[in-house]
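Read through the structure below, which is laid out as C-alpha cells, and then see the notes.
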Amino acid sequence: MPSPSPSPSPASSERPSRGSSFDFPEVVELSVGGVHFAASLETLRGDRYGSGRSQESLEGGAQSMLSAMFSGRLQTRRDTEGRYFIDRDGRHFHHILNYLRDGKYPVGLAAREREEVAREAAFYGLEAMAAHLRADIGMWHDAGSGGSGGGGECENRSEILPPIPASEAAEMVLSRGMEEWPEFPSCVQAAIEDLLAAGGLAREPPATSGVAVLDDSSVQCLLSDTLVTAQIPLAHVTDSKTWQWSRRKQGLNSVLRAKLLRSHLQRLGYNCRIAPVYDKKEVSAYILQVELPIPS
C-alpha cells in the first residue's frame with residue numbers, strides 16, 4: 001500500500017509536469033475566495049455522468065477549467081489549511097458544483113444574480129451554462145422569426161435556448177419592469193404609507209369625532225383575518241368617459257406596472273387584489289386593495 005503523499009506547505013503552488021498525473025484526493029476541499037467547499041474528484045473532473053454523459057459531451061467537447069486543474073493540466077494553489085484555492089467570488093460557486101453534479105441549470109435567480117452566475121460559469125469554462133443564464137426571453141422570438149417553415153425551426157429554437165420555467169420567466173419580466181421604473185420604490189412606499197394611515201399611523205391623523213360607526217363594511221371587517229385595508233387608486237374614468245391612470249406622477253402608468261406593484265407587496269406579506277369600483281352599476285375605477293393580515 002503506497003504511503004500517503006506529504007502535506008503541502010502553506011500557500012503552496014503545485015505545477016503540473018508533462019506526462020504525469022497528480023495524485024488528488026477522492027474528496028477535494030476547496031477555498032473559493034475564502035468560502036469553503038468540498039466535492040468529489042469525479043465531480044470536479046466531470047466524470048460523474050459516466051459513458052456518453054461526461055463533461056466533454058455536456059459542454060460540447062470542451063472541458064472546464066476545474067477539470068483541467070484536477071487532472072494535473074493546470075497549476076493549483078493551496079491555502080494555509082491545505083485547501084485548493086481559487087481566487088474567485090465564492091458566493092455563487094455552489095451553483096457551479098450543482099451543475100457539475102447533475103447537469104441541471106440553476107432556477108429562480110434574479111436578473112443581477114443570474115448575470116453574476118453566468119460570469120462565473122464563463123470563467124470556469126462552462127459555456128453552455130453561461131449561455132443559458134444569459135439567455136433573454138427575446139431570443140425565443142429571434143430564434144423563430146426567420147420564416148414560417150416546419151418543425152426544424154422549433155428544433156433550432158430549442159438548441160439556442162433551453163426551455164425556461166415559468167417562475168424564471170416571471171422573474172425576468174418583473175426584474176426588467178423594476179429596472180425601467182425609477183419611481184418604483186417611492187410607489188411602494190406610498191402604498192405602504194396609505195395602509196398605515198388606514199390603521200391610524202398617518203403622520204397627521206385626520207380629525208375624528210371619537211364615535212365609531214358600525215356599518216355593514218365594519219361588520220364584514222370583523223369577520224375577516226385582516227387588521228386594516230387600503231385602496232390604492234390605479235385607473236379611473238374621467239368626465240370625458242376615457243380611462244386614465246390615477247398615479248401617473250409615480251410612474252404607475254401600465255398594466256404590467258400595476259401587477260408589478262401587486263406582486264412586490266404580496267412578497268412583502270401583504271394581501272392584495274385588483275378590484276373594480278362601481279358607480280351606478282358601471283365600473284368607474286380600478287383599485288389595488290392592500291390588506292394587512294392579522295399576525296398568527
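Numbers here simply count residues along the sequence, with the first being 1. Worth knowing before you read on, the calculation uses all heavy atoms, side chains too, and leaves out hydrogens, waters and symmetry mates.
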Separation between CG of Leu261 and CG of Leu256, rounded to the nearest 0.5 Å: 11.5 Å

Would a hydrophobic clustering, with Ile, Leu, Val, Met, Phe, Trp and Tyr connected at side-chain separations under 4.5 Å, put Met129 with Val107? no

Is there a side-chain contact between Cys187 and Trp181, using heavy atoms and a 4.5 Å cut-off? yes

How many angstroms lie between atom CG of Leu288 and atom CD1 of Ile274, to the nearest 0.5 angstrom? 6.0 Å

Mind listing the closest non-hydrogen atom pair of Leu97 and Ala39 along with its distance? CD2-CB, 4.0 Å

Separation of Ser175 OG from Glu113 CD (nearest 0.5 Å): 10.5 Å

Could you walk me through whether Arg77 and Tyr84 pass the side chain to side chain contact (heavy atoms under 4.5 Å, CB included) check? CA-CA 6 Å; Arg77 289 183 292 175; Tyr84 289 93; over 6 Å; no

Do Tyr124 and Leu100 come within less than 4.5 Å of each other through their side chains, counting heavy atoms only? no

Taking the side chain as every heavy atom from C-beta outward, state whether Arg176 and Met172 have any atom pair closer than 4.5 Å. no

Arg83 side chain near Arg78 side chain, heavy-atom distance below 4.5 Å: no

Does Ala191 have any side chain to side chain contact (heavy atoms under 4.5 Å, CB included) partners at least two apart in sequence or in another chain, and if so, which? Ile232, Leu265

Would you please name every residue forming a side chain to side chain contact (heavy atoms under 4.5 Å, CB included) with Ala110, sequence neighbours left out? none

The test is side chain to side chain contact (heavy atoms under 4.5 Å, CB included); show your working for Tyr278 and Val283 and say whether it passes. CA-CA 4 Å; Tyr278 292 91; Val283 177; 3.5 Å; yes

Short side-chain to backbone donor-acceptor contact, Ser186 and Glu183, under 3.5 Å: yes

Salt bridge present between Lys241 and Asp279 (N-O < 4.0 angstrom): no

Identify the two heavy atoms, one from Leu44 and one from Ser64, that lie closest to each other, and give their separation to 0.1 Å. O-OG, 4.4 Å

Of all pairs that satisfy ring-ring contact (aromatic ring centres under 6.0 Å, His included), the ones with a partner from residues 227-261, not counting sequence neighbours: Trp243-Tyr286

Shared hydrophobic cluster, Val255 / Val173 (ILVMFWY, side-chain heavy atoms < 4.5 Å): no

Parallel, tilted or perpendicular: which one describes the rings of His132 and Tyr105, with boundaries at 30° and 60°? parallel

Audit row: Leu109, Val117, side chain to side chain contact (heavy atoms under 4.5 Å, CB included) steps and yes/no: CA-CA 9 Å; Leu109 303 180; Val117 178; 4.1 Å; yes

Ignoring hydrogens, what is the shortest heavy-atom contact between Pro106 and His95? Give both atom names and the distance. CB-ND1, 3.5 Å

Start with the C-alpha gap between Arg91 and Val35, add the side-chain angles, then the distance that decides, and say whether side chain to side chain contact (heavy atoms under 4.5 Å, CB included) holds. CA-CA 8 Å; Arg91 292 175 301 162; Val35 184; 5.9 Å; no

Contact summary for Pro185 and Pro182, nearest pair of heavy atoms: CD-O, 3.5 Å

Any side-chain heavy-atom pair from Leu234 and Ile287 closer than 4.5 angstrom? no

Ile86 side chain near Met69 side chain, heavy-atom distance below 4.5 Å: yes

Are the side chain of Ser284 and the backbone of Val277 linked by a donor-acceptor contact shorter than 3.5 Å? yes

Taking the side chain from Arg45 and the backbone from Phe70, do they hold a donor-acceptor pair closer than 3.5 Å? yes

Flag the pair Arg247 / Gln250 as yes when at least one side-chain heavy-atom distance between them is below 4.5 Å, and no otherwise. yes

Euclidean distance, Leu292 CG relative to Asp225 CG, rounded to 0.5 Å: 12.0 Å

Give me the atom names and distance for the closest heavy-atom approach of Leu126 to Ile96. CD1-CG2, 3.8 Å

State whether Lys104 and Asp102 are salt-bridged, where the test is any N-O pair (Lys NZ or Arg NE/NH1/NH2 against Asp/Glu carboxylate O) under 4.0 Å. no

Residues sharing Val27's hydrophobic cluster, by side-chain heavy-atom contacts under 4.5 Å among ILVMFWY, directly or via others? none

Decide whether Thr229 and Thr226 meet the rule of one side-chain donor and one side-chain acceptor closer than 3.5 Å. no

Indicate whether the side chain of His92 and that of Glu116 have a donor and an acceptor atom separated by less than 3.5 Å. yes

Give, for atom CD of Glu120 and atom CG of Leu133, the distance between the pair rounded to the nearest 0.5 Å. 11.5 Å

Gln289 vs Glu291 side-chain heavy atoms within contact, under 4.5 Å: yes

Which other residues belong to the hydrophobic cluster containing Phe85, where Ile, Leu, Val, Met, Phe, Trp and Tyr are joined when side-chain heavy atoms lie under 4.5 Å apart, directly or via other members? none

If a pair satisfies side chain to side chain donor-acceptor pair (under 3.5 Å) and one of its residues is in residues 256-277, list it, with sequence neighbours excluded. Glu171-Arg267, Asn253-Arg257, Arg262-Gln266

Would you name the heavy atoms of Gly199 and Val228 that are closest together and state the gap between them? CA-CG1, 3.6 Å

